[in-house]
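Data first, discussion second: the structure below is written as structure tokens.
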2 protein chains.
Amino acid sequence: MREGPDIARIAGLVGDPARANMLNALMGGTALTASELALEAGVSLPTASSHLSKLLEGGLLTLASQGRHRYYGLAGPQVAGMIEAITGVAETVGPRRVRPGPRDGAMRVARVCYDHLAGERAVAMLDRLVDKNVLVRDDKEIRLGASAGSHFAAIGIDVYTKPRRPVCRACLDWSERRSHLAGTLGAAILDKILMEKWARREKDSRAVVFSPPGKQAFEKVFLS
Amino acid sequence: MREGPDIARIAGLVGDPARANMLNALMGGTALTASELALEAGVSLPTASSHLSKLLEGGLLTLASQGRHRYYGLAGPQVAGMIEAITGVAETVGPRRVRPGPRDGAMRVARVCYDHLAGERAVAMLDRLVDKNVLVRDDKEIRLGASAGSHFAAIGIDVYTKPRRPVCRACLDWSERRSHLAGTLGAAILDKILMEKWARREKDSRAVVFSPPGKQAFEKVFLS
DNA sequence: AGAACGCTTCGATGGAGAACGAACAATGCG
DNA sequence: CGCATTGTTCGTTCTCCATCGAAGCGTTCT
């Protein structure tokens, strides 16, 4: 019977199937409307609305009203990290290692995590960037290396116009159990990948699938 | 309405106040009996027993029977990490930055995290060990440096008799938002600290309080 | 203005599960 | 062998909350 942060309150919010589905959908990074989330969760609109106000009240979501639309999004990277942590546990203690389906495989290779790329390919990318001293890993913190400016400028990403959020962050990957790159730089790289059409987002999934030439281009830029 | 690891199931288990209190108590690292946990959670013994079997079934706990005692413990570091992640979110979205009480302050300085030391002091220790190249940080992985054997042998810790669990692991600290040292080495160091009576565990809390000479001794060994 | 849309609020219903007392099982002690 | 200690199982009660239909409110389109 001890005091402290109310962890039951937070976990309880995630602990309802409908809400968990919504949060999962929002892990894709794009904010969604109430009706889209209702569809995702498989519940009626009033029910979804009720859940959303609870999540909002609980501080796990943010709301942006635009005209008659109301866009709900994850409250921040920390919330996303928590979801990944829970997913990791569910993955290991869950159904005794069910054989991974094809989509599951694609998810392991590359997927969206909030606003940046995750999975095998993302972990490899960060490793390589650190090897090349473009980025410097210093504990969980990741900093820009000396050559970062020119390296990213070459592919049209400006890393020196400081935004509010940190440029680099490490985010733990639940399938690889290692870190991948988050922060505004991680987000910018994902943008680049989608913008150049090196890969596209799988419909109704967090999976990101690379086209063969897209994969080559990606490897040339980030893994060479 | 997508598939994937059943995160609602796991979060739901943590989402009950009684169960959350139990898990919190077990974050102290020592396995506890059903009656101790009932006391912690503030529920009757039958109720506690019911919760414990749910947590066990859910894979979050392990059970060790010894005579008429049944010791429940956290299922592993991954579960502990998840709890820390949830705690972190609860901490930031929770009661608008309530002024930290004295015990809360002690918790931030040093506390037990599963089986090793966490908090400000633990983070500083890891930083220093990496600076001195006793340990080498390589992504989230931490490895032994060349001088690790002699360095730890000098204080009576053998790092080369390989156990099942990894010797070094990084664990994210919810109060510092940086990593501290886990793994068997982290556990051995905490043992050392308590064994030498440099510090003692606060009653009914995860807080670890150093005596003035204990603090000096600790700093001499780990922060010099 | 009127109609269509997007979403929230209200009220009623049903079901899940948290709680405890009492009984039952297992272990250890004198 | 009794008897205390430790836990689990059973049955019951009760509260909470997820759910949906219907109605209400603000926005946009024509």
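Numbers restart at 1 for each chain; the letters A, B, ... are given by sequence-line order, proteins then strands. These numbers come from the heavy atoms of this one structure, side chains and all, not from hydrogens, waters or symmetry mates. What you are looking at is a predicted structure, and each value in this text was computed from that prediction instead of being measured.
Rounding to whole angstrom units, CG of residue N21(A) and P of dT19(D) are separated by 10 Å. Between the CG atom of L37(B) and the P atom of dA18(C) there is a distance of 17 Å, given to the nearest Å. Computed from coordinates, the L61(A) CG to dT8(C) P distance equals 11 Å when rounded to whole Å. Spacing between atom CG of D16(A) and atom P of dC17(D) amounts to 11 Å, rounded to whole angstrom units. For R9(A) and dC17(D), the CZ to C1' distance is 16 Å, given to the nearest whole Å. One atom, NE2 of H51(B), and another, C1' of dA16(C), lie 14 Å apart when rounded to the nearest Å. As rounded to whole Å, 12 Å separates atom P of dC7(C) from atom CG of L39(A). Atom CG in L56(A) sits about 14 Å away from atom P in dC7(C), given to the nearest Å.
A donor-acceptor contact shorter than 3.5 Å is absent between the side chain of R111(B) and the backbone of A118(B).
Distance CD1/I86(A) to CG/D6(B): 11.5 Å, rounded to 0.5 Å.
With 3.5 Å as the limit, one finds a donor-acceptor pair spanning the side chains of T33(A) and E36(A). Judged by distance alone, the side chains of S44(B) and T47(B) do bring a donor and an acceptor atom under 3.5 Å apart.
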Review item, nucleotides 5-9 of chain D N/O atoms under 3.5 Å of protein N/O:
unit_1	atom_1	unit_2	atom_2	d
dT5(D)	O2	R68(B)	NH1	3.0
dG7(D)	OP2	S35(B)	N	3.4
dG7(D)	OP2	S35(B)	OG	2.5
dT8(D)	OP1	R70(B)	NH1	3.0
dT8(D)	OP1	Y72(B)	OH	2.7
dT8(D)	OP2	S49(B)	OG	2.6
dT8(D)	O5'	S49(B)	OG	3.2

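At least one side-chain heavy atom of M82(B) sits under 4.5 Å from a side-chain heavy atom of V14(B).
Counting non-hydrogen atoms of other residues, nucleotides and ligands closer than 6.0 Å to NZ of K192(B) gives a total above 12.
For the pair K54(A) and dC17(D), the criterion of a side-chain N or O lying under 4.0 Å from OP1 or OP2 is not met.
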